[in-house]
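Taking it in order: structure first as C-alpha cells, then the write-up.
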Amino acid sequence: MEFALNKIDKHWDNNRSLDQHLNELNRKVMELNGVREDTDSRINAELQPRKKLKREVQIWLENVERINGEVQNLNERIGESSTLRRGFHADDVLRRTREVEELIQQGKFQEGLVVDNPQWIGQVLSTRRLSGEGTKARMEEIWKCLMDDEVEKIGVWGMGGVGKTSIMKLINNQLLQERENFDIVIWITASKEMSIAKLQKAIASQIEVTFCGDECETRRAGMLFETLSRKSRFVVILDDIWEAVSLEKVGIPEPSTGIKLVLTTRSIDVCQKMGCRAIKVKPLVEEEAWNLFSEKVGRDILNVIGVEPIAKKIAKRCGGLPLGVITVASSMKGIDNLFEWRNALKELTEHKQSINGLEDEVLQQLQFSYDRLNDPKLQHCFLSCALYPRDRSIGERELVQLWIAEGLVEEMDSRQAEFDRGHTIMNKLLRNCLLEVFRGSDNKRLIKMHDLVRDMALHITSAKPRFLVKAGMGLREPPNVQEWSEDLEKVSLMRNRKLEVLYPSEMSPPKCPILTTLLLPGCGIKSIPKGFFNHMDGLKILKLSRNPIKSLPNSISNLKNLTALLLAYCDHLEYVPSLSKLRVLKELDLRGTKIKEVPHGMENLSSLKYLKLEDFLKNVNEIPSGLLSRLSCLQDLNVGRSLISGKEVSELKKLETFEGSFYDLDNLNMYLQAFHGREDLSQFIILVGKRKWETEIYTSKRIELWDCDIYPNQIMLPRHIEELHVTNCAYYGREEYPIFSRFVLSSLGTFSSLKYLVIWQINNMKKLFSPNSMPPNLKELKVSECRQLEEIIASDEIGREERRRVTREFCLTELKRVDLKVLPKLKSICSVDAVVVCESLEWFAIKRSGGNQ
C-alpha cells in the first residue's frame, strides 16, 4: 500500500514539474535551430566548388531534423493527454532535452564544415526544359561534337534570348553526370565586360589555383596553363563571349584530343576568329513558340472565352525567342480578364513594353548587340532597317541604296565600291545576329529584322535619334500634327495603302528642320499640301514611289540638301516642279510616271549619279539631245526604250551600269569604240532598234538587235557580253560566211563570256557558226524560224581532204539546253567529220517545221 502511495506522489510531482521541463525543452530546441541557421550560413560560405560537407555535418543536420520532428510529436501527445496521464511523459521530455543539449554542443564544428571533394568535376547549374525540335537538334549536334575527337572548338551562336545559354547549361549538367568523359568541366560566364584578368580569376577558382595578387597577366596565365596541362581530359565553356579571346594570354592550353573549348556568342565572327565549328541556334517556329507560351501561361487562363486568339497573336509577337515567350507568358499568368489581354496586345503592337517587362528582360539583352557595334554609322545603318514594315523582307540592294543616299556609306570613286562597302556593313549586322537573311525566288538575298530586334530598334529611336515609324500599319488617317516634332530625323509611313492624305491641308506646315529621310511609298497619297516642305531644310531623301499623286508641290524646289528624289511608278504623276536648285541631288527615279517632258532644270543636276527613266516619256521616243552629256557624274543610267545617241552615252566617263536603246548599229559601234581601252560596264542591257515583244532576261550583260540589217562589215560587241539576242534581222553577207563570224568583240579575244544566244527570224542565213567562232562557254542556244538555215556549225572546206581521217571535236562543256525550232532546211549540227561534245546537256529539242520534235 505504501509503495502504491509513493508511486502516486511521484506521479503528481512529475505532473506538476512537466510544464517547467517542457518549456525548457522547447527553449533548447529554439537554441538548436538558431545554431542550425548559423550552420546553414556557414555552409553557404564554405561549400565552394571542389568541396563537400563533412559526413559528421550531414549526420548532425539529419539529427537536428529528426529531433525537431520528435519534439513536435511529443508536444502534440502531451497536449492530447488527460491530467492523470500527462505525468507519464516526463522522462521523455528530460531525455529529449539532454539530446538537444548534446546537439547544440556538437554543432560548433570549430574545425570547419567542409572537406575536399575528390569526385567533384564541375558545378551543377540551374536549368529549364528545352522547347522545340530545332533546339533539341542543336543540343544533340553540340553533344556529338564534344564526343568527337576531331572537333576541338565549338562555337554556339545566335541572337540574344534564343536559348544558347540554356542549351549549354543542360550540356554542362549532362557532362557532370557522365563522369567518364572528362576530368573537369569549367563553366565561365564571360559577359561583355569580361577581361583577361577576370577570366583568369574565374578559371583559377575552379581548379584550385591561388593568386597572390601581385602576379602579372603572363605569370597568372602560366600558373593556369601548368595546372590545366596536368588534366588529360577537360572542357572549358565560355558563355556569352563578345569578342575573340587569346587562349594563350588566358592560360588555357590549345584544344587537342581530350581538351575541348565551347563558347556561346551572338557573333559568328567570334566563332570564325577562334577557329570554332560554328553551330547556329535559331528561334522557335510558330507552333513551338505557342506550345511554350501555353505551358507558361496555363491552360486554365487560355480556356477563358476570347483569350486564346489574343494570346496566339501575343505569342507570335515574341518572334520565337524563348526568353521573350517566357517573359511575356509569365507576366500574363493568372490574368483572366479579357480587357487586360486586349490591352496587352495593343501595347505590344505599339511597342509599349510596360505590360510585360520586355523592356528590362529582353530588349536590354538585345541592345547589348547594338551597343557592341561601337560604330555610330554602323548603328545608324541598323536603325534604318526599322523604317520598313514588320515582317517584310527587304531587298539587300534596296537597303544598301538607302544607306548610300543617307550618307551612311562614305562616298567613293565608284558606285560599285559604295555597294561593296554597304554589303560589308550588311554582313557585319548579319554576323552579329541583328539581321536575318534568306534567299528569294530569284536567289537574291533578302533581309529581315526579327520582330523583337525591330522593337528594340524602335525603342532606341523613340528618344535620340528620333524616328516616326508607322510603316505597314494599315493607317487610314495621317499621324497627329503633334507627332511631326522638331526633333524628328526620319519618318516612314510606307505601305499604308489607304492613307490618301499625308497631312491636313488646313494646318500650318510641319516644322522638322533636322528631318533627313521621308519614306512614303505605297500610301495611296493623292495630294500634298503646297507648303508641306517649307520647313524641312535638312531633307535628303524623299521617296514617294507608287502613289496616285498627280502633281508635286512647288515647295520641293527649295529642298537644297535633297540627295534622292524617288518617284517610281507614280502612274498618275504629270507634274514635277523645277529641279534647278537641287544641285546636290544624286538620285532621280522617274520610272513609270506620266510626265510628258523632262522636268525643268534637270540639266543643272551636276551631282546626279543615278537616273532612272524606264517607262518614262511614253509619248516621247527620245531624250533631248545634249541633256545626258551635261550629267557628267552619272554612274547608273536607265532610259528604257527611249532612243538615245551612242555618242552622248560614250561621253559619260563615270558610267558603270547602263540600260537603254540606240537608234541603230552605227550608234552601238560609236558607243563601243569610245569605250575602247576603258573598263567594260559592270552591267549593260542595250537594245538596238525597236523591241516588238518582251523577252526573258538571263544576265546583266546583254545586247539585243531588233530589225537590223546585218551587212558583211563587222559588228562590234562588248568584250564581256554574256547574252546576245538577234531577232527579225536581215543578213546580207555571202552565203558561205556564217552569220556569227560577223560579230567581233570590242577588244581582241574569243566570246568566252557568252552564255546565252538567241537567234530568231534571220533571213538569208544558211550557216550560224564557223568552226573557229563557237562560244566555248555557251550554256543555252535557241534558234527559231530561220528558214534558210542549213548548218549550225559550218564545215571547214579549207584543208578538208587532209583532215578527212581525223574527227574534229567541238567541246561545249557548259552547254545545257539546245532549242532548234522551225528550221525546215536544217541539214546538220556539224559536218560528218566532226562531233560536238556536251557532257552537261540536259535538253535538246529540234523541230524543222510545224511537226513533232
Handout entry: Ring geometry between Tyr370 and Phe382 (parallel below 30°, tilted from 30 to 60°, perpendicular above 60°)
Key =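 It falls in the tilted class, 30° to 60°.
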With side chains defined as the heavy atoms from C-beta onward, is the minimum distance between [X] and [Y] less than 4.5 Å?
| X | Y | answer |
| --- | --- | --- |
| Arg66 | Glu62 | no |
| Arg266 | Lys164 | yes |
| Val262 | Val236 | no |
| Arg445 | Phe438 | no |
| Met426 | Leu435 | yes |
| Arg138 | Glu133 | no |
| Ile237 | Ile186 | no |
| Leu247 | Met274 | yes |

More than 12 heavy atoms of other residues, nucleotides or ligands under 6.0 Å from [atom1] of [X]: yes or no?
| X | atom1 | answer |
| --- | --- | --- |
| Glu150 | CD | no |
| Arg421 | CZ | no |
| Lys316 | NZ | no |
| Lys201 | NZ | no |
| Glu248 | CD | no |
| Arg27 | CZ | yes |
| Glu286 | CD | no |
| Glu295 | CD | yes |

Please name the pair of heavy atoms, one in [X] and one in [Y], separated by the smallest distance, quoted to 0.1 Å.
| X | Y | answer |
| --- | --- | --- |
| Phe467 | Ser384 | CE2-N, 4.5 Å |
| His380 | Pro465 | CE1-CG, 3.7 Å |
| Gly320 | His450 | N-NE2, 4.4 Å |
| Val409 | Gly422 | CG2-CA, 4.1 Å |

Donor on one side chain, acceptor on other, [X] and [Y], under 3.5 Å:
| X | Y | answer |
| --- | --- | --- |
| Thr257 | Asp149 | no |
| Glu396 | His423 | yes |
| Thr516 | Lys490 | no |
| Asp240 | Thr264 | no |
| Thr517 | Glu406 | yes |

Practice task
Apply the side-chain contact (heavy atoms from CB on, under 4.5 Å) test between Lys296 and each candidate in Asn291, Val328, Ile326, Val325; give the one that qualifies.
Solution key: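 Exactly one option meets the side-chain contact (heavy atoms from CB on, under 4.5 Å) with Lys296, and it is Ile326.
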Check ion pair [X]-[Y] (N to O, under 4.0 angstrom):
| X | Y | result |
| --- | --- | --- |
| Lys428 | Asp269 | no |
| Lys28 | Glu102 | no |
| Arg96 | Glu70 | yes |
| Asp183 | Arg230 | no |
| Arg36 | Glu65 | yes |

So, taking the atom named [atom1] in [X] and the one named [atom2] in [Y], what distance separates them when rounded to the nearest 0.5 Å?
| X | Y | atom1 | atom2 | result |
| --- | --- | --- | --- | --- |
| Glu31 | Ile104 | CD | CD1 | 3.5 Å |
| Asp40 | Leu61 | CG | CG | 6.5 Å |
| Ile154 | Arg277 | CD1 | CZ | 8.0 Å |
| Met223 | Ile203 | CE | CD1 | 13.0 Å |
| Tyr388 | Leu399 | OH | CG | 5.5 Å |

Practice task
Go through the steps for Asp148 and Lys260 under the test salt bridge (Lys or Arg N to Asp or Glu O under 4.0 Å), then give the verdict.
Solution key: CA-CA 10 Å; Asp148 185 350; Lys260 302 280 187 176; 5.9 Å; no
Exercise for the section: Assess whether side-chain contact (heavy atoms from CB on, under 4.5 Å) is satisfied between Ile188 and Asp239, documenting all intermediate values. Expected result: CA-CA 6 Å; Ile188 306 294; Asp239 184 44; over 6 Å; no
Please check: side-chain N/O of [X] versus main-chain N/O of [Y], any donor-acceptor pairing under 3.5 Å?
| X | Y | value |
| --- | --- | --- |
| Arg220 | Phe211 | no |
| Ser229 | Glu226 | no |
| Asn172 | Met168 | no |
| Gln200 | Glu217 | yes |

Exercise for the section: May I have the step-by-step check of side-chain contact (heavy atoms from CB on, under 4.5 Å) for Lys377 and Trp403, ending in yes or no? Expected result: CA-CA 10 Å; Lys377 280 193 174 181; Trp403 294 343; over 6 Å; no
Practice task
Take Trp60 and Leu103, measure what side-chain contact (heavy atoms from CB on, under 4.5 Å) needs, and give me the verdict at the end.
Solution key: CA-CA 7 Å; Trp60 182 84; Leu103 287 171; 3.8 Å; yes
Practice task
In sequence, state the C-alpha distance, the side-chain angles, and the governing distance for Leu238 and Leu199, and then conclude on side-chain contact (heavy atoms from CB on, under 4.5 Å).
Solution key: CA-CA 9 Å; Leu238 300 178; Leu199 276 176; 4.1 Å; yes
